[in-house]
Structure formats: structure tokens, C-alpha cells
Amino acid sequence: MSLSWISQGLPQPHAPEHVANAMERWHALGDRPAFESIASKIGDIASNTQSKSVLEALFGNSPYLTNLCLRDPDVVCDVFDNGLDQAFANALNPVRISADARNLDQPTTMTTVRRAKRRAALVIAIADICLAWPLDKITSAISETAELTLDFTMAHCLSAMARLRKCDLPNPENPLEGSGIFSIGMGKLGAGELNYSSDIDLIFLYDQEVVTYLDPDRIQQDLVRMVRDITRVMEERTGDGYVFRTDLRLRPDPSSTPPILSMLAAETYYETVGQNWERAAMIKARIVGGDRIAGDQFLEILRPFVWRKHLDFLAIQDIHSIKRQINAHKGGSKINIPGHNIKLGRGGIREIEFFAQTQQLIWGGREVALRGKATCDTLRALTEFGQVSEKVRDEMLHAYEFLRTVEHRLQMINDQQTQTLPDTDEGLTALATFLGYDAVDGFKADLLLHLRHVENNYAELFEDDTPLTGRAGNLVFTGTEDDPDTLANLREMGFENAENVSITVRGWHHGRYRATRSRRAREILTELMPTLLDALGKTTNPDMAFRSFDEFLKGLPAGVQVFSLFTAHPELLELLAQIAGTAPRIAKYIGRNAAVLDYVLMAGFHEELPDADAMMAELDARLAREDMVEDWLDTARRWANDQKFQIDVQTIQNRHTPHQAGRALADVADVAIRALFPRIAEDFADKHGTFEDGGLAVFALGKHGGQELSPGSDLDMVFIYDVAEHAEESDGQRPLSPGHYFIRLSQRYINALSAPTAEGILFETDLRLRPSGAKGPLATHFKSFEAYQTNDAWTWEHMALTRIRPVYGPKALCEKVLATTNAVLCKQRDPDQLVREVFDMRNRMDAGKGDNHPWAIKMRRGGLVDLEFIAQYLQLRHAHKYPDILSPTTREVFKNLGAKGILDNEEAEFLGNAGSFWLALQAMLRLTTEGPFSPESASTDLQKMLASAGKCDDFASLQDKIETTATRIKNIYDRVIAEPAQKVTPPEDTQ
């Protein structure tokens with residue numbers, strides 16, 4: 001057999017010592033019984049100058065190929081006896097007929113396909129190193145090896161499933177024929193361009209109209225198990241090695257779909273949420289395993305998705321958006337050869353492929369000649385079509401051949417799936433030697449020349465595209481692989497977990513959320529991505545901000561309108577990034593109520609807190625346009641949520657004092673009540689009538705009464721009614737007694753505030769402070785209220801009564817209630833009994849709900865509750881003498897106590913300021929954290945915000961201020977309440 005196919009430019013051995021050792025082992029093979037029949041050939045090969053030089057090239061440069069030669073010397077003999085083509089065919093003959101696998105057990109199948117792949121790989125490597133085959137024949141041979149071994153494996157696994165009586169095969173003698181189950185080869189496998197140690201990208205599908213299944217309920221489960229068996233047979237490492245690593249991530253939405261889908265599911269996906277990069281991937285799609293007829297029918301169904309007859313403006317715009325996210329360099333960029341990725345790096349193989357595929361997507365719909373799968377054929381066709389010059393075509397073709405050859409040599413050394421050049425001089429020298437260079441400098445010069453050609457030609461695609469970002473580096477989230485430049489850029493922007501960002505963004509583009517299911521939404525999001533990531537990266541915890549934005553996106557019901565709003569108003573995106581980085585609760589709210597973003601654009605949103613009179617006029621006008629109770633409730637919720645959102649945003653931006661925010665939130669609640677309740681009462685009266693005199697009044701207690709509401713606070717309320725003494729029932733068609741009437745009307749009021757609708761709830765309500773607490777009726781007759789407060793109420797109920805404030809109802813009734821309340825509060829009390837009861841009440845609260853965590857603002861000792869107890873106790877203690885100290889607002893109470901000399905002026909001022917301090921921190925924590933606050937895990941941004949809210953220079957100073965404030969409040973509490981109380985004998989009858 002002539003050996004003229006052996007190139008004169010064989011690579012020299014980089015490691016002569018490896019050659020000597022391997023040659024010694026090669027000679028020893030002839031003594032082994034297994035190779036007795038070829039012993040003479042083994043010796044002849046080692047003594048022939050040409051064949052020996054081939055062995056030396058293998059032995060001196062590749063440990064992996066050395067092992068293959070020593071394991072299968074008969075393959076080497078076959079090559080030199082019968083030539084490369086015949087040896088390659090012989091290597092694959094055992095798997096050429098897939099039906100031969102039908103009766104094999106799994107271990108035998110695994111051995112058969114591994115042996116075939118191993119032997120074929122050795123032949124291909126010899127052909128490559130000897131320059132005997134051109135690049136397209138080498139990549140085609142590797143692809144054929146993958147296709148035949150996959151077909152053989154599928155036939156075995158499908159027959160095994162049929163033997164378990166799970167499905168009926170139309171042709172058991174040829175399991176794949178007519179089975180309706182097939183595998184699509186994607187990427188390099190589909191194009192017949194596999195590299196030496198390539199993964200194979202596969203999509204497994206089945207025709208739901210063809211597969212005959214004995215138990216339809218189990219079809220998906222059993223087919224998934226079969227695909228897992230196929231992938232295990234192909235990629236599991238055994239003593240015989242492995243066949244091919246498989247990658248199933250190019251299937252529709254891989255993170256949320258099973259490994260095998262029905263044709264219908266796949267078709268629906270591509271028609272609805274298929275992306276342009278998936279169109280590009282489908283250019284190379286080819287049936288490589290299973291039922292070819294069913295598979296080809298599916299690809300024909302998909303043809304309109306891939307190849308559009310008319311130029312699709314939005315699709316082209318999306319392609320350009322992807323291009324504009326790529327930071328293309330035209331000459332002069334720094335390429336560091338050590339460690340350079342020749343596939344994904346600048347000037348690499350991916351840029352050549354993208355160069356071709358982008359133009360195929362745009363022009364291939366109307367030019368059939370541009371629909372080829374192979375990259376080199378496409379480049380030639382683009383020149384014929386007039387899109388690429390001959391010079392550019394030749395530069396790209398030569399670069400492709402050179403880089404793919406470098407890729408093969410890299411992978412042949414140790415059978416590693418790598419495209420990264422060695423990062424040491426020694427490693428680069430070894431690679432250069434394996435490629436046939438005498439010195440590494442020649443290799444570097446050629447490599448740099450090809451990389452520069454690709455880089456410059458690739459950049460030509462971008463000349464008309466203004467980059468979407470000024471930052472260096474890519475922001476590309478297409479395909480299934482992370483783009484190295486994108487990951488590097490994300491890290492530079494501040495994202496520690498860049499891989500998670502990349503994976504999540506790809507999920508957005510898969511239409512996994514409602515907001516990104518439309519093609520237009522995804523196209524706009526592509527344009528927004530650099531601006532969005534830049535804004536999130538500017539926060540002090542970009543990863544947390546990104547997770548919060550993901551939650552926002554997850555909650556959006558639709559995306560086009562909101563994304564378009566961000567495009568028109570980038571400042572909204574910056575605000576959302578700030579909120580996402582510091583106040584995830586608000587971000588979630590925006591996700592559920594995206595329309596609130598329109599409100600941000602209104603004049604004065606960031607400057608002015610809502611005015612009560614203006615709010616009343618606006619809400620009244622909105623409600624006047626509606627006729628139904630349900631519409632009133634939704635309208636009031638939308639309106640109130642806008643107002644609360646504005647207040648909350650201004651709170652995290654520290655634009656107002658906590659008292660201004662608390663007053664504004666209380667005003668929102670008051671306005672909602674005053675606008676809604678008359679309409680609810682009128683609707684109720686349509687059925688049940690009214691009473692001639694009297695009515696129902698609503699009073700606020702607690703923080704609502706004191707106009708010190710915090711974000712998320714409940715409304716503490718009490719309902720009191722009055723009617724004429726002779727009134728027995730209402731005057732409507734369905735009359736009710738006074739008690740039933742006002743209790744049912746109160747329930748309507750409560751539902752108007754707290755019943756969930758499509759717009760959420762208005763406010764949570766708490767009525768436990770009414771007479772007799774939870775056991776008492778929802779609405780209390782004035783006389784019962786008066787009698788209860790005068791004769792039966794506990795001291796703690798009178799403490800709560802200090803914060804009563806009328807919100808809505810007949811003026812005369814409100815005045816009567818306030819007069820009764822003042823009389824009760826101004827009653828002279830036994831000082832000892834009072835202080836002991838207050839003290840015992842605080843201790844019971846501490847035992848039941850106490851929390852002495854430093855950041856438990858409300859319940860910790862020295863916190864808000866201690867502060868409020870001091871104010872309420874001193875009002876009950878001294879109001880009989882100084883009735884004008886009474887106020888529902890704690891801050892005002894301390895001012896009054898200081899003015900009357902009950903507290904020292906400096907101490908009164910401290911307590912008032914301390915209340916503001918606690919309220920500011922409580923509001924900020926409620927907006928920014930979920931669950932107990934942990935200073936150790938708080939972002940720098942949040943620490944700064946808390947410090948600013950607490951009027952401190954830094955977070956350390958804030959923590960000191962918290963402790964000194966709590967300590968001083970507790971000392972005052974002890975002096976005013978605890979120490980006097982402890983001198984009093986505890987009452988026998990405790991509350």
C-alpha cells in the first residue's frame with residue numbers, strides 16, 4: 001500500500017522521551033497473544049521510515065493518541081495496510097447497521113459503540129496529523145462517527161423499551177423505522193462540522209400521532225427514561241472510555257422542559273416564543289438519529305420559522321440588537337495569545353460562524369442558496385450573492401481552517417473539550433510543535449494574523465450599529481453557553497455571580513415569565529439590557545438588586561408597555577434599580593402593579609408629599625365616575641396604592657421626616673375612608689333604609705389615631721353609633737334593628753378596606769381595641785361605649801384611648817364621643833394603682849411578645865412601646881390637672897409634658913426626638929427588609945440608608961445611637977414607671 005498520503009511536514013515530537021518509552025511499548029505488543037497475528041506488521045511499521053515518523057508524531061505530542069495506538073495497534077496496521085478511507089470504514093462497520101443493536105444487552109452495546117468511536121478517532125487523528133484529509137472531510141468523519149453510534153444506541157434503547165411492553169414498534173426488526181422518535185443534531189453535528197473532542201448538541205422529539213403506546217399516561221415518563229439511557233450509553237466513562245458527551249440544552253426552554261418533547265410542543269414553542277438565536281441554531285439542524293421520515297417532516301414544518309419569505313423588520317432589529325451588545329473591535333485591540341479562547345474569544349471561531357449565520361437569517365428567507373448548514377459553504381454562497389467580497393471570504397475561510405486545526409490539536413493532546421490556548425510558554429511551544437511549526441513565534445504570528453482578519457471582518461457587521469453600551473466588553477445572552485466577554489464585563493460591573501445573571505437573562509428570553517412571552521417584549525428587553533444591567537451594577541449590592549429585579553419581572557403581567565416605558569424614560573429604570581437594590585418589597589409591589597410607574601412621571605412625584613385636600617378631591621372625582629361597589633373598591637385601591645408608593649419611594653430616598661411620612665400615610669387612610677364610606681352607606685341604605693337621627697362614626701386609634709403610620713401598618717379602629725331612643729328599626733324595604741344595622745354596616749366598611757380584590761387590599765384593619773375586645777360587637781352604641789369606658793374598661797384600654805381621633809361620621813356624634821373620652825381620660829386616678837397597672841401591663845407584653853434584639857424597634861426595652869407607655873401613663877396621671885396635655889400624637893404629648901413641667905424640657909425634647917428616630921428606622925426597615933434585620937448581611941446601600949434615616953454619619957454611629965437611645969429611654973421608663981410601681985403592692989386581681 002502506498003504511503004504517499006503521509007505529509008512531508010509531519011510535526012516533530014515535542015517530547016522525545018515519550019517517543020522512546022512508547023516505541024518500547026509498541027515493540028512489546030508483538031509478544032502479546034492478542035496481537036500475535038499482526039506481530040510482524042507491528043515490527044514493520046516501527047522499522048519503516050515513513051510509518052515510524054507518523055508514530056513518533058503521535059507519541060511525542062499526544063498522550064491520548066499514544067494510548068489509542070497502544071490499545072488498538074490493529075487499527076494502525078489497518079491504516080498502513082489498507083489506507084485511511086478503508087480503515088475508517090472498518091472502524092465503524094460494527095455500528096453501521098443500527099438494527100444490529102436490537103437484541104444486544106446494554107453492556108455489550110456500550111462496549112460496541114465505545115470501541116467503534118475509539119478506533120474511528122484514531123484513524124481520523126492520523127489523517128489530520130498527516131494532512132491527508134482536508135478539514136471538511138475530517139469534521140465530516142467525526143460527525144459520521146457520532147451519527148452512527150447515536151443511531152445504534154437509539155435502536156438498542158428503543159428495542160429495550162419495547163421488550164418491556166411499553167410501546168409497540170411498527171418494525172421490530174428495524175426498531176428506528178417508523179418509530180416516530182428522532183433526534184435532531186444541532187450546531188456542529190447538524191452541520192457535519194464536529195471537532196475532535198466535541199460535545200454533540202441534540203434535541204429529542206417524538207411524533208405524538210405515530211408513537212403507539214400501551215399506557216398513554218406513562219408515555220412522557222418512559223420516553224424521558226429512554227433518553228436518559230441513550231445519553232448514559234453515549235457519555236458515561238467506562239474502561240472502554242466514552243462515546244460523545246451529549247448536550248440537550250438547545251431544546252426549547254431547557255431549564256423547564258423534559259429531555260424529550262412532542263413535536264406539537266416543540267412546534268408551539270417555536271411559533272410563540274422562539275428567538276432569533278434559535279432560528280440561527282436551527283439553520284444547522286439535521287436529523288441524526290431515529291425515525292428520519294418523522295424528523296424530516298418536523299424540520300419541514302419548522303422551515304417557515306427559520307426562513308422567512310419577507311425581510312422581517314422586527315427580526316432584523318432584534319439581530320442588530322444582539323450585534324449592538326457585542327463589543328466588536330476593528331484592529332488594534334489587545335489579544336493576549338496565552339490563555340486566549342480560539343472559539344469564543346476575539347477573532348475566534350464563533351465570530352466566523354456568527355458572521356455567516358447573521359446574514360443567513362436576514363437574506364436566507366428569499367435566497368435559497370444561503371440556507372446551507374456548513375459555515376464554509378455559507379461564506380462562499382454569500383460571496384456569490386454579493387454580500388461578502390472575495391477578499392473577506394478568503395480571509396474568513398483560511399482563518400476558519402487554521403483555527404479549527406488548532407482546535408483539533410489542542411483537543412487531541414489529552415482528549416479534552418477545550419478551545420483555550422495554553423497560558424505558559426512551554427504549553428504554547430508544545431502546541432506549535434504539534435501543529436508542525438519549528439518555533440513558537442511563527443505559530444503566534446500566523447495565529448494573530450488570522451484572529452485580526454476575523455476581528456476586522458466581523459467588526460464590519462457593526463459599522464452601522466451604535467453600541468448599546470459604552471462599557472468595554474459584550475453583553476450577549478443568546479444560545480446556551482455563557483459568553484466569556486459577557487461574564488468578564490458583568491464582573492467588572494460589580495456582579496459577583498455573573499454566571500447566575502447570564503443564566504437568568506437567558507431564561508427571560510425563553511419567555512419563561514408572562515412579561516417576556518411576546519416576541520416584541522423580548523426584542524425591547526434586548527435593547528434595554530445594557531442600560532438595565534448598568535443601573536443595577538451601580539448599586540452597592542448588584543447581585544441582590546438583580547435578584548430583586550428578577551422578582552419584579554416575574555410578577556409583571558405583561559412586558560411590552562413597561563419595557564417601552566423604560567425605553568422612553570431611562571430614569572424610571574434607574575429608580576427601579578435603586579428600589580431593587582434596597583427595597584425588594586417595593587420592587588415586588590411594582591411587579592404586581594406596574595401601572596404605578598406612570599405615576600412616577602407625574603410632576604412633583606419626588607418633591608411633594610400628597611396633600612389631604614387635593615387627595616380628597618381627586619379620589620372623589622375618580623369614584624364619581626363609577627357606579628358599582630366593586631368598581632369603587634378597585635378605584636380606591638389603585639388610587640391609595642399610588643399615594644402609598646409615592647410616600648414609600650420618598651421615604652427610602654430620605655426626602656421627608658418620619659412624622660411627615662406618618663402624617664401623609666394617615667391622610668391616605670383618612671381620605672380613603674371619607675370618600676368610600678358615604679358611598680358604602682348609601683348603597684347599604686338602598687336595601688335597608690336609614691334612621692332619622694344618629695348614625696355611625698369611625699374613630700382611629702393607635703398609630704393611625706396619632707397620625708404616625710408606618711409602611712404596612714394596620715388601621716386600629718372603633719365603630720360607634722347612636723340613634724334616637726324610640727328608634728326600633730330602619731325605614732328600608734328590608735328593615736333592621738339598630739344593633740344589626742350598624743354591625744352589618746361596619747362589616748361593609750371593614751370589607752371596603754381590607755377585602756382583597758384584583759387590585760389587592762386598601763388597608764389591613766384591627767378592631768381589637770373596641771369595647772370588650774374581640775368578644776364585643778363590631779359597632780358599639782354610644783351609651784354602651786360611655787358606660788363601658790366609665791365603669792368597666794381596664795387601664796390599658798384607657799391608655800389606648802389617649803390616641804383616639806375621629807375620622808368619619810356625624811359631627812354631633814363625634815363630639816359626644818370625644819367629650820366622653822376626655823372625661824374618662826381627665827378622671828383623677830389613684831397614682832399607685834395606676835402606675836402598678838401600667839407596669840404590670842408592660843411586663844405582660846414583654847413576656848408574651850418581648851424581643852430584645854437590638855433592631856426590634858417596637859418591642860425591645862427602650863424601644864417604641866416603652867416610649868409610648870411613658871407618654872400614655874403620664875397623660876392618665878396628670879390630665880385631671882392639665883387636660884391640655886392630651887394628644888393622640890406621641891411627639892405632641894412630650895412637647896405638652898415639657899411645657900407643663902411634668903417632664904424636664906430637655907428630657908421631653910429627647911423623648912420626642914427619640915420617637916422620631918425609632919419611627920424613621922421602623923419605616924425604613926419595613927420597606928427594605930423581610931423578616932428580622934441582620935446588620936451582618938445588610939448591603940452597604942441599606943446601611944447608608946438606615947444611617948441617613950437615623951441622622952448618623954455612618955452605620956457604626958447608628959448602632960451606637962440605637963444603644964444609647966434605648967438605654968436612656970429605659971432609664972426614664974424605670975424612673976417614671978418601674979421604680980414607683982415596684983414600691984406598690986401588686987393587686988390581687990390582675991388584668
Side-chain angles (χ1 to χ4, degrees), residues 5 7 62 64-65 68 79 84-85 87-89 91-92 95 116-151 183-202 234 243-247 250 280-281 283-289 342-344 348-357 360 372-381 393 396-413 415-419 434-436 450 454:
W5 49 268
S7 168
S62 169
Y64 169 67
L65 295 178
L68 289 190
V79 167
L84 289 162
D85 291 345
F88 177 69
L92 291 181
V95 296
K117 186 298 178 87
R118 186 178 72 233
R119 295 165 73 85
L122 179 54
V123 177
I124 296 167
I126 294 172
D128 194 348
I129 291 167
C130 294
L131 308 180
W133 287 353
L135 175 65
D136 59 350
K137 186 170 182 178
I138 291 166
T139 56
S140 177
I142 302 171
S143 303
E144 182 183 354
T145 303
E147 189 170 350
L148 288 176
T149 52
L150 176 65
D151 238 6
S183 176
I184 305 174
M186 305 291 288
K188 289 184 170 63
L189 174 58
E193 298 174 333
L194 279 185
N195 58 51
Y196 197 76
S197 293
S198 183
D199 294 351
I200 53 174
D201 294 303
L202 300 173
M234 292 293 289
V243 193
F244 286 91
R245 290 173 292 268
T246 58
D247 190 336
L250 283 179
I283 290 173
K284 296 181 181 293
R286 180 171 62 90
I287 306 304
V288 295
I342 59 169
K343 175 185 177 183
L344 302 177
I349 296 167
R350 186 195 59 173
E351 292 189 357
I352 302 173
E353 293 171 339
F354 192 81
F355 179 90
Q357 287 174 357
Q360 280 184 287
K373 301 184 187 304
T375 303
C376 294
D377 290 345
T378 299
L379 290 169
R380 296 183 185 101
R393 175 201 63 195
M396 297 298 257
L397 287 173
H398 294 151
Y400 186 78
E401 182 171 355
F402 180 84
L403 293 173
R404 289 300 305 270
T405 302
V406 173
E407 179 183 48
H408 287 166
R409 295 294 192 279
L410 267 174
Q411 296 175 350
M412 284 178 183
I413 295 172
D415 190 30
Q416 292 178 321
Q417 171 65 350
T418 181
Q419 287 89 12
F434 199 12
L435 284 159
H450 289 299
V454 174

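For this chain, numbers begin at 1 and follow the sequence in order.
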Strictly distance-based, threshold 3.5 Å: is any side-chain N or O of [X] a donor or acceptor partner for the main-chain N or O of [Y]?
X    : Y    : answer
K373 : A285 : yes
E193 : T375 : yes
R118 : L68  : no
S183 : L202 : no
R404 : T139 : no
Y400 : E353 : no
Q411 : T418 : yes
Q360 : G372 : yes

In Å and rounded to the nearest 0.5 Å, what is the [atom1] to [atom2] distance from [X] to [Y]?
X    : Y    : atom1 : atom2 : value
D247 : D199 : CG    : CG    : 6.0 Å
I142 : K137 : CD1   : NZ    : 13.0 Å
K343 : E351 : NZ    : CD    : 13.0 Å

Quiz prompt | side chain to side chain contact (heavy atoms under 4.5 Å, CB included) between F434 and L410, intermediate numbers included | solution = CA-CA 9 Å; F434 199 12; L410 267 174; over 6 Å; no
Quiz prompt | I342 vs E407, side chain to side chain contact (heavy atoms under 4.5 Å, CB included): CA-CA, chis, key distance, verdict | solution = CA-CA 7 Å; I342 59 169; E407 179 183 48; 3.9 Å; yes
Looking at every heavy atom in both [X] and [Y], which two are closest together, and how far apart are they?
X    : Y    : result
E147 : I287 : OE2-O, 3.9 Å
V288 : G185 : CG2-N, 3.4 Å
A121 : Y64  : CB-OH, 4.4 Å
F244 : S198 : CD2-O, 3.7 Å
K117 : V243 : NZ-O, 2.7 Å
R393 : L379 : CG-O, 3.9 Å

Exercise. Determine, step by step, whether I124 and M412 satisfy the side chain to side chain contact (heavy atoms under 4.5 Å, CB included) criterion, reporting the C-alpha distance in whole Å, the side-chain angles of both residues, the deciding distance to 0.1 Å, and the verdict.
Key: CA-CA 11 Å; I124 296 167; M412 284 178 183; 5.7 Å; no
Quiz item: Does a side-chain N-to-carboxylate-O contact under 4.0 Å join D128 and R409?
Solution: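 Yes.
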Quiz prompt | C376: which of I352, D136, L397 passes side chain to side chain contact (heavy atoms under 4.5 Å, CB included) | solution =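 It is L397; the other options fail the test.
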Is there a side-chain contact between [X] and [Y] in this structure, where contact means two heavy atoms from C-beta onward sitting under 4.5 Å apart?
X    : Y    : result
I200 : M234 : yes
K188 : N195 : yes
W5   : V79  : yes
L194 : T145 : no

Self-check item: Verdict with supporting geometry, D85 and W133, side chain to side chain contact (heavy atoms under 4.5 Å, CB included)
Solution: CA-CA 10 Å; D85 291 345; W133 287 353; 3.2 Å; yes
